[in-house]
2 protein chains.
Amino acid sequence: MDLETVKSKLHAMNFRLTQEREWVLRVFMESGEMFTAMQLYDRVKEQYNKVGLTTVYRLFEVLTKLRLVTPFLIDGEIYYTFCSGGHHHHFVCLDCHRVKNIYGCEMDTRDFSEIGKIEYHRMDLFGHCENCQGSVPSC
Amino acid sequence: MDLETVKSKLHAMNFRLTQEREWVLRVFMESGEMFTAMQLYDRVKEQYNKVGLTTVYRLFEVLTKLRLVTPFLIDGEIYYTFCSGGHHHHFVCLDCHRVKNIYGCEMDTRDFSEIGKIEYHRMDLFGHCENCQGSVPSC
DNA sequence: GCCTTATAGAAAAACATTTTCTATAAGCGT
DNA sequence: ACGCTTATAGAAAATGTTTTTCTATAAGGC
């Protein structure tokens, strides 16, 4: 998904497309990484201008509502990753925290009606990516 | 899994089996619910004695390390659920936060060697349990 | 029983997140 | 292009959660 699509989704929900949100979105979407609020804040400051940390928190909140980001709890810290397009799952590298999407979901074909009414599900794999399989993370 | 088994697992890792841990463990394991640290703290206080909130936090930390609890991030809050026995996944009721285990995992048969070395995975379903499918949560 | 050392718990500190408040600017209608 | 309405930015304060610190206690080995 590109920036323009996200913009129009925000627009459709009556959210405004401020300059600051665009900066944060750019960095977030182009990186392919997951960030804590503080990490994204720092990265945006490096690449564009300083924005308020509050702005980053608020964007995460909005995007989570729109289901464009997925939060991950890793070692007690909340990381957010950009998520869009079709249904997919995640591989998260425990070393470098990069995320790869995994397509193909067997769960969709299973019947869970006895358990409850399913709203959504998630499936996350954790491990070490190709670049991080040496003793020291390399990415 | 019963309390004695958990005790021996703690023991095997050089953790001590204090009276306070036993109280907290009892409430936690017998409830079948997920708790935030504060919620479990309150519940233990009701059913047994007052224990330190710090003690609850420390027990969650230990049990997470031993993979006997799984943390869930729901609406920005961290809930812990007791988890043991064979490999399973979770259904979490978004209304009452009760957890049901789901056995049978297709992921085990898939090959993810191209993606990375998998350490573990988790799969969580979210929805509304049978008791909570009316307009108001009933449990 | 004695000794070593992990643990309990209160209090303080650290940290993350949310709220508040005012100035600003986005996006609409004209 | 202009003006109007209202969402938003960002600093600062408040809030709430989690961790750390410190000392007394008790668990478990000998």
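Hydrogens, waters and symmetry mates play no part in the numbers below; they use all other heavy atoms, side chains included. On a predicted model such as this, the values are computed, not experimentally measured, just so you know. The sequence lines fix the lettering, A, B, ..., with proteins before strands; numbering per chain opens at 1.
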Rounded off to whole Å, could you give me the [atom1]-to-[atom2] distance for the [X] and [N] pair?
{"X": "Leu40(A)", "N": "dT17(C)", "atom1": "CG", "atom2": "P", "result": "13 Å"}
{"X": "Tyr80(B)", "N": "dT17(D)", "atom1": "OH", "atom2": "C1'", "result": "10 Å"}
{"X": "Trp23(B)", "N": "dA26(D)", "atom1": "CH2", "atom2": "P", "result": "11 Å"}
{"X": "Asn49(A)", "N": "dG10(D)", "atom1": "CG", "atom2": "C1'", "result": "14 Å"}
{"X": "Lys7(B)", "N": "dA27(D)", "atom1": "NZ", "atom2": "C1'", "result": "12 Å"}
{"X": "Ile78(A)", "N": "dT18(C)", "atom1": "CD1", "atom2": "C1'", "result": "13 Å"}
{"X": "Phe60(B)", "N": "dT19(D)", "atom1": "CZ", "atom2": "C1'", "result": "16 Å"}
{"X": "Asn14(A)", "N": "dT5(D)", "atom1": "CG", "atom2": "C1'", "result": "12 Å"}

Angle class for the His90(A)/Phe72(A) ring planes (parallel below 30°, perpendicular above 60°, tilted otherwise)?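 Perpendicular.
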Closest listed nucleotide, where the reference is the side chain of Arg21(B) and the choices are dA8(C), dT18(D), dA16(C):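 Of the options given, the side chain of Arg21(B) lies nearest dA8(C).
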When you measure from the side chain of Tyr57(B), which nucleotide among dT17(C), dT17(D), dT7(C) comes out closest?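 Nearest to the side-chain atoms of Tyr57(B), counting from C-beta on, is dT17(D).
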For [N], does either OP1 or OP2 sit under 4.0 Å from a side-chain N or O belonging to [X]?
{"X": "Lys50(A)", "N": "dA11(D)", "answer": "yes"}
{"X": "His11(A)", "N": "dA7(D)", "answer": "no"}
{"X": "Thr18(B)", "N": "dA27(D)", "answer": "no"}

Given DNA chain D, 5'-ward residue of the pair Glu77(B) and Thr54(B), judged by closest heavy atom: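 By nearest-heavy-atom nucleotide position, the 5'-most residue is Glu77(B).
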Which part of the nucleic acid does Arg58(A) contact within heavy-atom distance under 4.0 Å: base, sugar-phosphate only, or nothing?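 Touches a base.
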Salt bridge (Lys or Arg N to Asp or Glu O under 4.0 Å), that's the test. Do Glu130(B) and Lys100(B) meet it? Break it down for me. CA-CA 11 Å; Glu130(B) 292 149 333; Lys100(B) 291 180 190 176; 3.5 Å; yes
What do you reckon, is CG of Asp75(A) surrounded by more than 12 foreign heavy atoms closer than 6.0 Å?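 12 or below, so no.
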Supply the members, apart from Tyr103(A), of the Ile/Leu/Val/Met/Phe/Trp/Tyr cluster built from side-chain contacts under 4.5 Å; use none for a lone residue.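 So far as hydrophobic clustering goes, Tyr103(A) is joined with none.
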Using only heavy-atom distances, determine whether the side chains of Glu33(B) and His97(B) contain a donor-acceptor pair under 3.5 Å.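 Absent: no donor and acceptor within the cut-off.
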Taking atom types as they are modelled, is there a donor-acceptor pair under 3.5 Å from the base of dG29(D) to the side chain of Arg16(B)?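 Under the 3.5 Å cut-off, the side chain and the base do not form any donor-acceptor pair.
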